[in-house]
Amino acid sequence: MLDAKTVECGTGHPVGGVCPFGLPTPLPVYCDRSLEGFASVFPAAGSRTASVEMTPARLVEITGAVCVDICVMPDPV
């Protein structure tokens with residue numbers, strides 16, 4: 001994990017408000033495939049108190065994200 005100062009210097013956004021778009025330099029963006037199951041997602045929008053609503057497909061489109069399996073849900077017991 002990066003410390004807060006490094007995150008803000010690299011993204012231009014404080015921890016808790018790092019958004020996947022509007023970055024000062026290109027960074028890879030990854031979206032977990034589990035987001036595809038939601039009608040809307042609310043990514044941070046540059047501050048701890050701001051977000052935007054969009055479809056997961058739109059988020060992938062505007063960020064150029066790569067969809068990956070990061071979050072693996074356990075099987076129900």
Side-chain angles (χ1 to χ4, degrees):
M1 297 296 280
L2 300 173
D3 63 80
K5 182 178 179 180
T6 302
V7 170
E8 192 159 1
C9 287
T11 66
H13 307 294
V15 170
V18 176
C19 69
F21 42 85
L23 299 169
T25 57
L27 293 173
V29 175
Y30 300 95
C31 284
D32 190 86
R33 290 191 200 288
S34 65
L35 295 179
E36 295 168 352
F38 295 94
S40 295
V41 293
F42 297 84
S47 78
R48 291 182 183 100
T49 58
S51 64
V52 294
E53 182 178 11
M54 63 183 64
T55 65
R58 180 68 175 144
L59 177 62
V60 169
E61 178 187 346
I62 66 174
T63 63
V66 175
C67 292
V68 295
D69 290 312
I70 298 169
C71 178
V72 178
M73 300 302 289
D75 290 329
V77 181

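We count residues from 1, following the sequence as given.
- V68 belongs to a hydrophobic cluster with Y30, V66, I70, counting contacts under 4.5 Å between side-chain heavy atoms of Ile, Leu, Val, Met, Phe, Trp and Tyr, direct or through other members.
- Taken to the nearest 0.5 Å, the NE2 atom of H13 stands 9.5 Å off from the OG atom of S47.
- Contact annotation: the side chain of I62 approaches that of M54 to within less than 4.5 Å [non-hydrogen atoms, C-beta and beyond].
- Here the closest non-hydrogen pair linking A45 and V52 is CB-CG1, 4.0 Å.
- The main-chain N or O of P14 is never found under 3.5 Å from a side-chain atom of R48 such that the two would form a donor-acceptor pair.
- In this structure the side chain of C19 never reaches within 4.5 angstrom of the side chain of P43, judged on heavy atoms.
- Every side-chain hydrogen bond (donor to acceptor under 3.5 Å, both in side chains) that R58 has, sequence neighbours left out, goes to E61.
- Contact detail for P24 and G10: the closest heavy-atom pair is CG-O, 3.9 Å.
- The SG atom of C9 sits 11.0 Å away from atom CG of L2, with the distance rounded to the nearest 0.5 Å.
- Proximity of V18 to V7: side-chain heavy atoms (C-beta onward) are separated by under 4.5 Å at one or more points.
- Residues L59 and F42 have side chains not in contact (no heavy-atom distance under 4.5 Å, counting atoms from C-beta outward).
- The line from SG of C67 to CG of D32 is 8.5 Å long, rounded to the nearest 0.5 Å.
- Hydrophobic cluster membership differs between V29 and L35, with clusters built from Ile, Leu, Val, Met, Phe, Trp and Tyr side chains linked at under 4.5 angstrom.
- In this structure, C31 and V60 approach most closely via the heavy-atom pair SG-CG2, 4.1 Å.
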